[in-house]
Amino acid sequence: IFSGRRIDADLYEELEDILIQADVGVNTSLALTERLRKRVKEEKIADSSQLKPILVQEMTEMLTANEKNGFELQPGRLNILIMVGVNGAGKTTTIGKIASRYSGEGKKVLLAAADTFRAAATEQLSEWAKRAGTDIIRQGEGADPGAVVFDACHSAVSRKCDLLIVDTAGRLQNKNNLMEELKKIGKIIAREAPEASVETWLVLDAGTGQNAISQAKLFGEAVFLSGLVLTKLDGTAKGGVVIGIANESKLPVKMIGVGEGIDDLREFDAQEFATALFG
Amino acid sequence: GLGERLQDIFSKLKGKGKLSEADVNEALREIRVALLEADVNYKVAKDFAAKVKERAVGSEVLQSLTPGQQVVKIVHEELTALMGAQQAKLQVSPKPPTVVLMVGLQGSGKTTTSGKIALWLKGQGKRPLLAAADIYRPAAIKQLEVLGEKTDIPVFSLGDQVNPVEIATRALEHARTNGNDYLIVDTAGRLHINEELMQELSAIRDKTNPTEILLVVDAMAGQDAVNVAAAFNEQLEISGVVLTKLDGDTRGGAALSVKAVTGKPIKFTGTGEKLEALEPFYPDRMASRILG
Ligand SMILES: Nc1nc2c(ncn2[C@@H]2O[C@H](COP(=O)(O)OP(=O)(O)OP(=O)(O)O)[C@@H](O)[C@H]2O)c(=O)[nH]1
Ligand SMILES: Nc1nc2c(ncn2[C@@H]2O[C@H](COP(=O)(O)OP(=O)(O)OP(=O)(O)O)[C@@H](O)[C@H]2O)c(=O)[nH]1
Ligand SMILES: [Mg+2]
Ligand SMILES: [Mg+2]
């Protein structure tokens, strides 16, 4: 679409519009087109068909500019994944997918139903545990999430599990008491499973707009985040806001959700993602 | 915020009597940026800025002692007008029960909002019936049943092995024989690009003839909200929108986008996880929130 065009202000504006429509956000879109202009000038580019690949390259660089890309289970120790995020983002479903993947690889996986608040949350995760063929630690509705986590850590350690995945209740980042609850869960895990390798992932719905920046910021202030999961990329939303998050807080996207089925989970490929943004 | 930025631009007006084309364009750009940062769709933001331009270069601004403030006032007024009227009314069917069909993307808040609307109706002395027509999501039926138990509102379910069209049809029959004056049908979240599932909604609509088809939209939705809203509206002719999770800190520009592209009223807002957290839509409050 951008071949055979004059490289002028109109073209840059059109490229900016594409980025904005993909939820890349105003500031990050400007930063990207700024980098593009600079490279066009430095590399003396005259062919407009070269602009898109350069932009894809710049986005890919922003997305991978950190040392924590990708995810590998650390062998010979307990790995703990804590899934956090706002209501309805896809945490519980993503846990089912991850559980199935590693259980299918012969790993010993345990789930912790630490969403003790929402109606039928435990039943929902229990169904996923069943489908993934893993055990689940759960307590009654209204139980203290900390108690479930405490229980789960001890079980995971004593059973010598490879992976414990903790499901938490959806929460909006501006709710201080709920952020405090998350901190408490983090502390319990650190205390009860000190030898474990722990990662906390923020689950983001690809349909989310710039509020994802606030989510990454405020969740990140409450707990140490090591990555993002971007869900619902099978829809028409592009999820471009993760570029701004990567640029600002160096948070890498670890995995993506591409459907509601148990196998609809992919490793994040930055170049593929950046290319699809223009699709 | 936008207010201060517009004040700066228009303070140049003082003593000149007229704004330059460049100044006007700068002001419009500031307005567009503010809306984009609030997640208003970029086309909707462009159209809105063009609307404001007409008034911004008019005498009400140029002859004002505080032109910057005047422009802010215009932006707020135009935004509020675009948001539609304040309302929290469900249309009533001349032939009860009134059927309310809840639709939308995955995770937007349909099940919770179904419970909220049922509770709201019960509080008005009505006798709502909830129908569990999501047979796909694990424990979705259980989720609605728990909400029904908490509020002492009946939930019609045929389990997850019966197709949703059949469930909705039988729920309607049940409502009629049971004397329920409202039937709220909770459906599975779905993508607007899933033809089969969009067809399923059309079939439910054809069988139950809903008076209200409410599109449930997450207030933190981004640029894609227009595509989703347009598609659901095209498929079903929605009657209104519920904007959820407004208790968060999102600016909520999706509200303007959805209203602009469908023309349909935002009827309610979700302001929390509890079933009491349902409020009418306040257009002026939403306008202030979007402008930040
Ligand atoms: N299309 C699509 N739907 C998804 C994806 N991931 C999750 N969902 C759906 O999104 C909805 C919400 O998923 P949940 O797993 O319940 O989300 P959650 O974050 O655990 O929600 P809360 O616990 O209520 O905060 C469900 O209908 C899921 O099937 C995805 O990658 N693609
Ligand atoms: N804070 C807040 N949370 C809400 C609101 N409305 C719904 N939720 C939460 O959002 C999450 C998703 O709500 P659901 O009612 O399961 O959404 P749904 O549209 O039925 O999801 P699917 O059936 O999977 O498509 C749950 O955690 C709800 O408690 C709201 O207004 N505010
Ligand atoms: Mg959940
Ligand atoms: Mg639901």
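Naming convention: chains lettered A, B, ... in sequence-line order (proteins, then strands); numbering from 1 in each chain.
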For chain A and chain B, what donor-acceptor pairs lie under 3.5 Å, backbone included?
residue: A:Asp17; atom: OD2; partner: B:Lys46; partner atom: NZ; Å: 3.0
residue: A:Gln21; atom: NE2; partner: B:Tyr42; partner atom: OH; Å: 3.0
residue: A:Asp23; atom: OD1; partner: B:Gln223; partner atom: N; Å: 2.9
residue: A:Asn87; atom: O; partner: B:Lys245; partner atom: NZ; Å: 2.9
residue: A:Asn87; atom: ND2; partner: B:Glu273; partner atom: OE1; Å: 3.0
residue: A:Asn87; atom: ND2; partner: B:Glu273; partner atom: OE2; Å: 3.1
residue: A:Gln124; atom: OE1; partner: B:Arg137; partner atom: NH2; Å: 3.4
residue: A:Glu141; atom: OE2; partner: B:Lys150; partner atom: NZ; Å: 3.2
residue: A:Gln173; atom: NE2; partner: B:Asp249; partner atom: OD1; Å: 2.9
residue: A:Asn174; atom: ND2; partner: B:Asp247; partner atom: O; Å: 2.9
residue: A:Lys175; atom: NZ; partner: B:Asp247; partner atom: OD2; Å: 2.4
residue: A:Gly207; atom: O; partner: B:Gly222; partner atom: N; Å: 2.8
residue: A:Gly209; atom: N; partner: B:Met220; partner atom: O; Å: 2.9
residue: A:Gln210; atom: N; partner: B:Asp39; partner atom: OD1; Å: 2.8
residue: A:Gln210; atom: N; partner: B:Asp39; partner atom: OD2; Å: 3.1
residue: A:Asn211; atom: ND2; partner: B:Asp249; partner atom: OD1; Å: 2.6
residue: A:Ser214; atom: OG; partner: B:Asp249; partner atom: OD1; Å: 3.3
residue: A:Ser214; atom: OG; partner: B:Asp249; partner atom: OD2; Å: 2.8
residue: A:Lys232; atom: NZ; partner: B:Gln106; partner atom: O; Å: 3.0
residue: A:Thr236; atom: OG1; partner: B:His192; partner atom: NE2; Å: 2.9
residue: A:Thr236; atom: OG1; partner: B:Asp224; partner atom: OD1; Å: 2.9
residue: A:Thr236; atom: OG1; partner: B:Asp224; partner atom: OD2; Å: 2.8
residue: A:Ala237; atom: N; partner: B:Asp224; partner atom: OD2; Å: 3.3
residue: A:Glu260; atom: OE2; partner: B:Gln106; partner atom: NE2; Å: 2.7

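When all heavy atoms are compared, the tightest approach of B:Ala139 to A:Ala120 is O-CB, 3.8 Å.
Scored by the ring pair (Phe, Tyr, Trp, His ring centres under 6.0 Å) test, B:Phe48 finds no partners at all (sequence neighbours excluded). Taking B:Phe281 as the reference, nothing meets the ring pair (Phe, Tyr, Trp, His ring centres under 6.0 Å) condition, with sequence neighbours excluded. Considering only residues two or more places apart in sequence or on other chains, A:Phe273 meets the ring pair (Phe, Tyr, Trp, His ring centres under 6.0 Å) condition with A:Phe268.
No part of A:Leu125 comes within reach of chain B, as not one of its non-hydrogen atoms sits under 4.5 angstrom from that chain. Interface remark: A:Val86 contributes side-chain atoms only to the contact with chain B (heavy atom separation under 4.5 Å).
Interface check for chain A: of the options B:Ala254, B:Ala140, B:Gly248, B:Gly109, the most heavy-atom pairs under 4.5 Å are formed by B:Gly248. Among B:Leu191, B:Val146, B:Val228, B:Leu147, the residue making the largest number of heavy-atom pairs under 4.5 Å with chain A is B:Leu191.
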